[in-house]
Amino acid sequence: MNIVPLISVVIPVFNDEATISAALESCLAQTLSEIEVICVDDASTDGTVAVIERFSARDPRVRLITHERNLSALQSRRTGIQAAAADYTLFLDGDDELAPDAAQKAVTRADATAADLVGFGVTVVDAHGRTGGSYEQRLQPAHRRLEGSEVLRGLFPIDKPAQGQLWRYLFRTQVLRDAYALLPDDLVLARINDLPVMFLVAALATHYESIDDHLYHYHFGRGGSGHRVDSVERAEFYASAIHSIDSIRPAVSALAGTHADADLLNASYESARLSIIGYVCFQLVDRSDSSVLDASLAHLHTRASAHDIIHAAAKFYPSTLSTLKYHTTWQGQSDRPVNS
């Protein structure tokens, strides 16, 4: 007899042969048995599919969907969401793991409160297996409960660095589908492809709850982030994050027509956008080898205006200004008189 799942775990995968087994084992070890695990392979070129097929043969709760060509994790998640049978969805990257009681605790809180979103704690594991640290601290839930427009205000606070990791939350599946309906069907995002969806979900959601338990194990540095910028291609990859946040401007404009607080929505988006520009600037300044720094920052100026780069750096990462002054044209005060 088929059991209706209470949670769909969506795993976008691409060349995760070395880590997908651990991710799937963490799913099948859940204390809540009424789950389905939807693996969406984004045209891997290694043995990822074969590993997933072995798990699927062993446990019918594991499903495999394949893309014929690489469409980015954004579209892999869309595919998984559309295929999900449960009312709630958890995301898991192919190189991370869930705590054994993640599904049970998250769905229990969602059912008890009728929340659209449930945030939870995250354990950050570095390359040496160490946990803790300032980054892990920043990923923990900051609010116990948020309702109405306060969901957006709380999850994307204005003038604070934007964070949009989808794997930090349990979602009502329909809210995810509503968010994706605002995006082009063919949108491909190379980097920070989760924050655009998370921002739209935060704008659509009306009830957020959180629990302190660390339900997700994130392995920092296994993906494309956290590496030195040793080539122009790496710089282009980092800077593509700006395209990701720019891509949802039409969706934000459309949503503003019906949103309960359009001014908050627009202000939150502009703040998030500047935060991403500042973050890219910081990464390029902090991580670029001296041989590619000039080219890295020159490319940055093709992705955003000098005005936005300077404002983003000053607001979010002022330590970069001492380097930017050698790479950005003077942004004067036009004809306004100097008052102080």
Side-chain angles (χ1 to χ4, degrees), residues 9-27 29-30 44 46 48 51 73 76-77 90-103 105-106 119-142 155 160-170 190-195 198 210-231 233-235 237-241 244 275-276 278-290 292-293 296 316-317 319-320:
V9 181
V10 173
I11 310 179
V13 293
F14 175 71
N15 288 351
D16 289 320
E17 180 181 9
T19 57
I20 188 60
S21 290
L24 289 172
E25 290 288 4
S26 77
C27 292
Q30 290 298 300
S44 291
D46 64 357
T48 298
V51 174
S76 295
R77 293 190 183 100
L90 278 172
F91 289 108
L92 174 63
D93 283 353
D95 53 2
D96 295 330
E97 296 99 35
L98 295 173
D101 54 358
K105 287 185 174 178
F120 44 77
V122 174
T123 298
V124 176
V125 185
D126 71 12
H128 304 287
R130 296 176 300 222
T131 62
S134 59
Y135 183 49
E136 179 174 303
Q137 185 176 1
R138 292 197 300 272
L139 290 177
Q140 307 317 309
L155 299 186
K160 299 293 184 182
Q163 296 191 94
Q165 301 91 347
L166 291 169
W167 34 258
R168 295 169 59 200
Y169 305 92
L170 172 79
R191 185 157 185 271
I192 304 190
N193 51 62
D194 48 358
L195 187 145
M198 188 64 226
S210 74
I211 51 181
D212 294 330
D213 305 67
H214 288 214
L215 303 184
Y216 193 96
H217 295 164
Y218 170 64
H219 291 272
F220 180 76
R222 280 185 177 177
S225 299
H227 301 294
R228 293 293 302 172
V229 179
D230 54 4
S231 66
E233 290 74 20
R234 177 72 69 176
F237 169 71
Y238 274 15
S240 67
S244 295
S275 172
I276 294 303
Y279 181 53
V280 170
C281 180
F282 169 75
Q283 289 185 310
L284 296 182
V285 168
D286 184 65
R287 296 176 181 168
S288 289
D289 293 345
S290 58
V292 299
L293 178 60
S296 295
F316 295 104
Y317 298 91
S319 64
T320 62

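- The structure places OG1 of T48 at 11.5 Å from CD1 of I11, a figure rounded to the nearest 0.5 Å.
- Between Y279 atom OH and L195 atom CG the span is 11.0 Å, to the nearest 0.5 Å.
- Closest non-hydrogen pair, C27 versus L92, comes out as SG-CD2, 3.5 Å.
- Both tests do not hold together for R168 against Y216: distance to the six-membered ring centre under 6.0 Å, angle to the ring axis within 45°.
- Here the closest non-hydrogen pair linking V280 and A239 is CG1-CA, 3.7 Å.
- Residues M198 and Y169 have side chains in contact (heavy-atom distance under 4.5 Å, counting atoms from C-beta outward).
- Atom CD1 of I276 and atom CZ of R191 lie 8.0 Å apart (nearest 0.5 Å).
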| field | Chi angles and distances behind the side chain to side chain contact (heavy atoms under 4.5 Å, CB included) call for Q283, V229 | value | CA-CA 8 Å; Q283 289 185 310; V229 179; 5.7 Å; no

| query | Does the pair Y218 and Q165 meet the rule for a side chain to side chain contact (heavy atoms under 4.5 Å, CB included), with working shown? | reply | CA-CA 11 Å; Y218 170 64; Q165 301 91 347; over 6 Å; no

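- With D96 contributing its side chain and H219 its backbone, the two residues share a donor-acceptor pair below 3.5 Å.
- Side chain of T19 to main chain of G94: a donor-acceptor pair is present (N/O by atom type, distance under 3.5 Å, no hydrogens or angles).
- Within the 3.5 Å criterion, the main-chain N or O of D212 finds no donor-acceptor partner in the side chain of Q140.
- Contact record, P141 with G119: CG-C, 4.2 Å, taken as the closest heavy-atom pair.
- Screening residues 119-142 for salt bridge (charged side-chain N to carboxylate O under 4.0 Å, His left out) gives D126-R130 as the qualifying pairs, with residues at least two apart or on separate chains.
- Scanning both residues, A190 and S240, for their nearest heavy atoms gives CB-OG, 3.8 Å.
- Separation of atoms CG (L24) and CD (E97) is listed at 10.5 Å; rounding is to 0.5 Å.
- Minimum heavy-atom separation, A73 to N193: CB-OD1, 3.7 Å.
- S26 places a side-chain N or O within 3.5 Å of a backbone atom of L98 that can act as its donor or acceptor partner.
- Heavy-atom minimum distance, P161 versus F316: N-CE2, 3.8 Å.
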| message | Before you tell me yes or no, could you show the steps for V122 and W167 under side chain to side chain contact (heavy atoms under 4.5 Å, CB included), namely the whole-Å CA-CA distance, both residues' side-chain angles and the distance that decides it to 0.1 Å? | response | CA-CA 9 Å; V122 174; W167 34 258; 3.9 Å; yes

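- Distance alone, capped at 3.5 Å, places no donor-acceptor pair between the S296 side chain and the S288 backbone.
- Ion pairing between D93 and R77 holds under the 4.0 Å rule for side-chain N and carboxylate O.
- Taking CZ of F120 as the reference point, atom CG of L170 lies at 7.0 Å (rounded to 0.5 Å).
- Residue pairs meeting the salt bridge (charged side-chain N to carboxylate O under 4.0 Å, His left out) criterion with at least one member in residues 14-27, sequence neighbours excluded, are E25-R58.
- Between the CG atom of D101 and the CG atom of D213 there is a distance of 6.5 Å, given to the nearest 0.5 Å.
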